[in-house]
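This is a predicted model, so every value here is computed, not measured.
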Amino acid sequence: MDETTNVPLQPPTFGNLITILSIDGGGIRGIIPGTILTFLESELQKLDGEDARIADYFDVIAGTSTGGLLTAMITSPNENNRPLYSAKDIKQFFLDHSSLIFPQKMKWSLAKVLKSLEGPKYDGKYLHRLVREKLGNTKLNQTLTNVVIPTFDIKLLQPTVFSSYEMKKNSSLDALLSDICISTSAAPTYLPAYYFKTEDVAAGTVREFNLVDGGVAANNPTLLAVGEVTKEIIRQSPEFFPIKPMDYRRFLVISLGTGAPKAEMKFTADQAAQWGLFGWLTAGGSTPIIDAFYQASSDMVDFNLSVVFQALHCEDKYLRIQDDTLSNEVSTLDEATEKNLEGLVKVGEALLKKPVSKVNLETGIFQTSDSQTNEEALIRFAKLLSEERRLRHARSPHGKTTASFKKNQLTIS
């Protein structure tokens, strides 16, 4: 086993790369990136030992909505200052709790439609209780690596981004991870908006938050994570010296989608032209207005980053894994039946075997862009992540000694 496994990842200034992991929003479809992460973590364990965890290799992990919950799960510390959840635990978490977060009490009916017009589809009580129980009193400043989790403040009508980097300068962002996760998951029409406040005792100030789902701002938070790192570079943070602000060739990025409906399940302009509010909220048994802005933001981020990495001749350092062939129940955010949840696991497993693809904005379809499968690409990225971690430890002062954790403090012997 690699002797540095239980030592924090050293800053990028000691290495060659800046490593970023991003996880989209998507309700119960979070099982799909969870399955992908399980494979990636297993490859890292082959290289560095069974104690290796995803959080040990990334400078920043970003997540929106269900992706924000996954981010918190794999970066929150347990009593041994190791990740609360391993990637392989994610599948069981969804299987155990999804049907209680999204209870399937009523089939599609007029009564269900009318209820959705009066208030959120689900009351969120079980989700709130579960998240508070699992994450306890852990705050943003305690995560095992930097995290970026977007939300949207409905009162201010602007995004609120909970970023480990910004929190160092703005203590009002140092909220409980449970509050952050509940907020970023509060999808309009599905779960209620969420209010909480933070207090700065030293300054004597209180900040209030009135938040809904981070997908309103950035369903695919990859570009947001890149931006947070870039701001740190511009500020000349010693962790990133001597990296230049726009040197994307130093970035190693894995961006995980949660799937999208196949073309046959989408709508035409002729169909949408007839919709009023009711149609935009209910057509096809889904919520087209919600699906539209979630998918639009996800694909635009992927398209922009793909162009940038290609222009800089470093497209081999950007990996987007997404499936746009979902149909029927597996394409929904909340169809939390046992059959559907197991179906989503199979979607994730099948996605690993598919070739690396990129979205074509003219057709809206993901097209094969590489001879490698997603599985093969992840194996390659796992090797790069392991090599980068070892390089940083070899170059840093901490890496030249034996390090161990004791009561959450790093001691060098």
Side-chain angles (χ1 to χ4, degrees), residues 9-24 33 36-37 39-41 43-44 47-48 52 54-63 67 71 145-146 148 218 220-234 239-257 298-322 351-352 354-359 366-395:
L9 181 64
Q10 299 301 297
T13 188
F14 295 113
N16 294 331
L17 302 169
I18 300 169
T19 55
I20 295 175
L21 171 65
S22 176
I23 311 168
D24 283 16
I36 304 299
L37 289 176
F39 178 80
L40 175 60
E41 191 168 85
E43 289 301 312
L44 293 168
L47 297 167
D48 296 328
I54 295 292
D56 298 329
Y57 296 87
F58 289 95
D59 294 305
V60 56
I61 300 178
T71 296
T145 189
N146 298 297
V148 175
N220 175 350
T222 312
L223 194 57
L224 189 59
V226 171
E228 288 296 294
V229 169
T230 302
K231 285 193 292 184
E232 287 298 291
I233 297 172
I234 293 171
E239 291 190 0
F240 295 96
F241 180 82
I243 301 168
K244 296 179 181 179
M246 296 305 293
D247 192 0
Y248 280 30
R249 291 167 295 184
R250 299 286 293 271
F251 286 76
L252 184 75
V253 178
I254 298 177
S255 175
L256 304 180
S298 293
D299 287 348
M300 286 301 293
V301 168
D302 176 37
F303 180 77
N304 287 329
L305 282 175
S306 294
V307 170
V308 170
F309 276 82
Q310 184 176 0
L312 295 173
H313 306 289
C314 57
E315 55 264 46
D316 61 332
K317 291 192 178 74
Y318 172 67
L319 176 63
R320 172 70 170 170
I321 299 182
Q322 174 69 311
L351 185 55
L352 287 167
K354 291 184 177 182
V356 175
S357 303
K358 287 183 172 61
V359 69
F366 269 72
Q367 298 177 334
T368 300
S369 64
D370 201 309
S371 58
Q372 280 190 323
T373 64
N374 289 315
E375 190 174 70
E376 291 168 337
L378 285 168
I379 292 172
R380 179 173 65 84
F381 270 69
K383 291 178 181 177
L384 291 172
L385 289 165
S386 177
E387 290 168 0
E388 174 67 12
R389 180 178 172 82
R390 290 172 183 271
L391 175 63
R392 293 189 193 182
H393 282 279
R395 288 178 175 176

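Under the 4.5 Å side-chain criterion, counting only non-hydrogen atoms from C-beta, D56 is not in contact with D48. Side-chain contact between S298 and R320: present, with at least one pair of heavy atoms (C-beta onward) separated by less than 4.5 Å.
For the pair G257 and D24, the tightest heavy-atom approach, listed with the atom from each and the gap, is CA-OD2, 3.6 Å. Heavy-atom minimum distance, N220 versus D302: ND2-N, 4.0 Å. In terms of heavy atoms, A55 sits closest to T145 at O-CB, 3.9 Å. Taking each heavy atom of A382 and L44 in turn, the nearest pair found is O-CD2, 3.6 Å. The minimum heavy-atom distance linking R392 with P11 is given by the pair CD-O, 3.5 Å. The two residues G15 and L391 come nearest to each other via the heavy atoms CA-CD2, 4.1 Å.
In this structure, the side chain of E41 engages the main chain of I54 through a donor-acceptor pair within 3.5 Å. A donor-acceptor pair under 3.5 Å links the side-chain atoms of E388 to the main chain of L17, judged by distance alone. Listed for the T71 side chain is a donor-acceptor partner under 3.5 Å among the backbone atoms of G67. When atom types are taken as modelled, the side chain of R250 and the backbone of N16 share a donor-acceptor pair closer than 3.5 angstrom. The closest donor-acceptor contact from the side chain of N146 to the backbone of V60 lies at 3.5 Å or more, if one exists at all.
Partners of R249 under the salt bridge (Lys or Arg N to Asp or Glu O under 4.0 Å) rule, at least two apart in sequence or in another chain, are D247.
A side chain to side chain contact (heavy atoms under 4.5 Å, CB included) with L256 is found for one member of T222, I36, L40, N374 and no other, namely I36. The side chain to side chain contact (heavy atoms under 4.5 Å, CB included) test with L252 is passed by exactly one of L319, L21, D59, L385: L385.
Between R390 and E387 there is no salt bridge, since none of the side-chain N atoms of the basic residue sits less than 4.0 Å from a carboxylate O of the acidic one. For R380 and E376, the salt-bridge test fails: no basic side-chain N is under 4.0 Å from an acidic carboxylate O.
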Start with the C-alpha distance between I243 and V229, add both sets of side-chain angles, then the distance that settles side-chain contact (heavy atoms from CB on, under 4.5 Å), and finish with yes or no. CA-CA 11 Å; I243 301 168; V229 169; over 6 Å; no

Please evaluate residues F39 and I379 with respect to the criterion side-chain contact (heavy atoms from CB on, under 4.5 Å), reporting the C-alpha separation (whole Å), side-chain torsions for both, the decisive distance (0.1 Å), and the verdict. CA-CA 9 Å; F39 178 80; I379 292 172; 3.8 Å; yes

Assess the residue pair Y248 and V253 against the criterion (side-chain contact (heavy atoms from CB on, under 4.5 Å)); give the C-alpha distance rounded to whole Å, side-chain angles, the decisive distance to 0.1 Å, and a yes or no. CA-CA 10 Å; Y248 280 30; V253 178; over 6 Å; no

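Note on ring orientation: taking the six-membered ring where Trp is involved, the planes of Y318 and F309 are parallel (angle under 30°, cut-offs 30° and 60°).
A cation-pi contact links R389 to Y57, judged by a cut-off of 6.0 Å to the six-membered ring centre and 45° from its axis.
Atom NZ of K383 has 12 or fewer heavy atoms from other residues, nucleotides or ligands within 6.0 Å.
Going from atom CG of L37 over to atom CG of L378 covers 9.0 Å, rounded to the nearest 0.5 Å. Considering CZ of F251 and OG1 of T19, their distance stands at 10.5 Å, rounded to 0.5 Å. To the nearest 0.5 Å, atom CD of residue Q10 and atom NE2 of residue H393 are 5.0 Å apart.
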